[in-house]
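Atoms within each ligand, like the ligands themselves, are counted from 1 in listed order.
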Amino acid sequence: MKKAWTGAQIRQSFIDFFITRGHTFVPSSSLVPGGDQTLLFTNAGMVQFKDVFLGTDIRPYKRAVNSQKCMRVAGKHNDLDDVGRDDIHHTFFEMLGNWSFGDYYKKEAIAWAWELLTGVWGIDKASLWTTCFKDDKGDIPTDEEAAENWRKQPGINLEHILYFGRKENFWEMADTGPCGPCSEIHVDRGLEFCDRQDVPGHVCKVNGDCHRFVEIWNLVFIQYNRLSLTDLQPLPATHVDTGMGLDRIVSIMQGVNSNYRTDLLMPLIETVQRLTKDSDAQRDLNFTPYRVIADHTRACTFLIADGVVPGNIGRNYVCRMIIRRASRFGLKLGLKEPFLAQVAATVIDHYGDAYPELKRNRATILDNLTREEKRFQRTVDAGLGYLDELLAVLKSQNTGVLDGRLAFNLYATLGLPFELTRDVAREQGLEVDEAGFRKAMELHRLASGAGKAFGALGGEDVDIYRNIVQNLVNQNKLGHSGVAYDPYSTLEVEGRVLAIVKDGVSVQDAEEGDRVEIILPKTCFYVESGGQVSDTGTITSYAGSGWEVQVEDTRRPAAGAIVHIGVVVRGQPQVDDPVVAQVDAGRRRDIMRNHTATHLLHAELHAILGDHARQAGSLVAPDRLRFDFTHPEAVTPEQLEQIEAGVNRDILGNHRLKIVVKPLQQAISEGAMALFGEKYGEMVRTISIGDQDPFSYELCGGTHVRETGDIGLFLITSEGSAAAGVRRIEAVTGRGAYELVQKRMRSLKQAAGLLSSQLEDLPAKTQSLLDELERERKQSFKLRQALVAAEFGQLLDSTPSVKGVPVLAAVLQNADSETLRQMCDRFRQKFSSGVVVLGSAVEGHPVLIAAVTDDLIKRGILASEIVKTIAQVVGGSGGGRPNLAQAGGKDPTRLQEAIDQVIPLVEKKL
Ligand SMILES: [Zn+2]
Ligand SMILES: [Zn+2]
């Protein structure tokens, strides 16, 4: 009955089916959500379209189809607990989806879903069930429109159309915002898939508790905007958002009882099996480790390709945690050497065509995995051994839960991630206090100054700007796409003021001193993006007596709206006044030099360090540039020198920049570098540098110099660590570089003047001065110790006697502890029986030394005891042997006081 579809064919046929129905294929966005700090990972297909639904982003298409990379390991959607235990949960998965943005609705979405499943894929109509929304609270209307459309599908069993309430069939993005009913499609896999047949009273059903009925596709119909708990308003435009997990549909079409036995995951399991040399039967008896390793390796392969390398916090922690978890399950299979790279190679081979980023980052992926496994192996034995001891203690105390702080210590000192500790505990029937662990981790993070991993988003009212733009469009004062944006071709534009916003309200005019936001029909001011900061400048008008606004910032608060933010420095701006808007040209040219230099730096990092050195963040400001990139260790001074030299060579080459706008797919397939965490539209701007054979080719919306020679000079000012596995380089160009050179030359000249030297001779001259200083130091030390010896000689000759025993207690000026010991020896050479205690301040710290001859030890006089007692006076402590002991302290001014205690102390003992 079924054709033998491969997983790759199923993915591609879904995409092709919707492309032929007018959809644009939108490639998966990164696992790291662009511009959304509230989300650790992209966890659904809709993440990259969220702004379209919220109305802050406009796309050139109204129908889209995609296969989105998703991760669910943290937060609300956390599947990690189930991964490995069953056959259907994954940390990483692909979500197939088709989308309508204010275009087609339920009729088409339902008909196409039915056609694809039954017509194209040949799934038995009798096995399909669908569900529609009927409010269990009775407030929201029943989705009869969806039900009616289902009834029209050819060959559908009318009794298979069911209704469910809010939990199953109503979708909401958040507490407020776009929402709507959904319709799900379930497959009845037959009684043999029921895993609860022996449970008394069990009935197999849709949304039931056994594995016979499986949900395969969710069609969400967005038609409301929720303003509050009770207030639901219809949306002017309705949308469709659907989601289908690829692993699941493949398992159904391939007729296997586990997602792990599809041709998507089975090759990974077979790679592990080749390493363990298990037979198929042995493997199936012990399938859990195989599942965990296959799932986790697939996940971290995709993560590293998106720039998330193993580390200590946030996303990097997740990457580290799943690698270590997989590694430990490898140990259970007897795999003691690093092996994940071999499994990852299989992932890349099987997924590389659909996700080319895997192929491009092959070396980085394999290298990071092996490196992390080795790191883990250094501590895992100690960690697991210690954990076993802790758990044994718990069991002996009949306690069921391991303290979260102990679990955190295991992580911080022995590298056992929480999830792994919990795995081990659960295998022994125990639990770990997760809240306590998180608390300890947070405290540690704050104490180490790292701050919170993820801050909250600033809430912003986009409605006012959306309304302003909408009104201007309705009055034909603005085109459909809003304010015209062209920061590339000019630094000055003319136009009339379209709107003024003051204190969050649209106003007709403003006064001198007011802080305002001004909207013009077009602008040449750059709006911060891709690391490049916004432009500043002026808006001036000759209307009336004239006015001027000093523009300090620009931003885009809603789709089509660009505002110039600044202070009225002169006059009274009014809506409709004619103006000239001018970018601060000198500042902008500094920015352009730094931006182009950033691209050159990126290219040189690849050339010198390797292709793994990918951009992980950047700042392009007028006075400097900052560039973060993935690299596991510090860049050596020699490498830095090579990189700096390379960039300056590229500058002197005076290459013309080639800037072309082209389709995203074309640019990517030509090898243009895209940045992870960045969102791209259909058409992208590409910057290539290097005449015949470009050495730099990036997607970039920033502003650039015409020729690299315009940059002038490039100097690296620092290199350091930015985060786990991420390095940071800061540099200056053009004016900034010249100022730096000037400043350093000035210091050099000053130093040369002080040393009466030529600039070129400074190092040799400085070295000879340092040598001379060192010689003088040694000389003066020798002299000082000779003085001490002479002084001590006098003291020795006048050593007092206490009850017939010679006792010498004295403070010596400027003696180091070595000299003090030598003096003690001299005392013992002169007196066969006696006590000597000497003190001195060594570099500001008090030192006390005592020596006692053997005969007096027998009489109860111990050097260690004397030192311990008198050291208290100088705020210190110490010890040693009975015949020789030493102590330090804090307060050198009380040395004499300490020494004065010696004679009474000895007297008492004699
Ligand atoms: Zn059942
Ligand atoms: Zn750029």
Inset, instruction - Would you kindly say whether H89 and D295 are connected by a side-chain donor-acceptor distance under 3.5 Å? - result: no
Inset, instruction - For the pair W5 and W121, name the ring-plane relationship: parallel under 30°, tilted 30 to 60°, perpendicular over 60°. - result: perpendicular
Inset, instruction - Could you grab the protein N, O or S atoms closer than 2.8 Å to the Zn ion (ligand 1) for me? - result: C194 SG, H202 NE2, C204 SG, C210 SG
Inset, instruction - State, yes or no, whether a side-chain contact exists between R72 and F93 at a heavy-atom distance under 4.5 Å. - result: yes
Legend entry - Non-hydrogen side-chain atoms of D710 and T596 separated by less than 4.5 Å: no
Inset, instruction - On the 0 to 90° scale, with breaks at 30° and 60°, tag the Y260-F287 ring pair as parallel, tilted or perpendicular. - result: perpendicular
Legend entry - Side chains of Y526 and V583 in contact at under 4.5 Å (non-hydrogen atoms): no
Legend entry - Donor on one side chain, acceptor on other, N259 and H90, under 3.5 Å: yes
Legend entry - H655 side chain near P694 side chain, heavy-atom distance below 4.5 Å: no
Inset, instruction - Report, as a single number, the protein N, O or S atoms less than 2.8 Å from the Zn ion (ligand 2). - result: 3
Inset, instruction - Answer whether the closest heavy-atom distance between the side chains of R212 and D188 falls below 4.5 Å. - result: yes
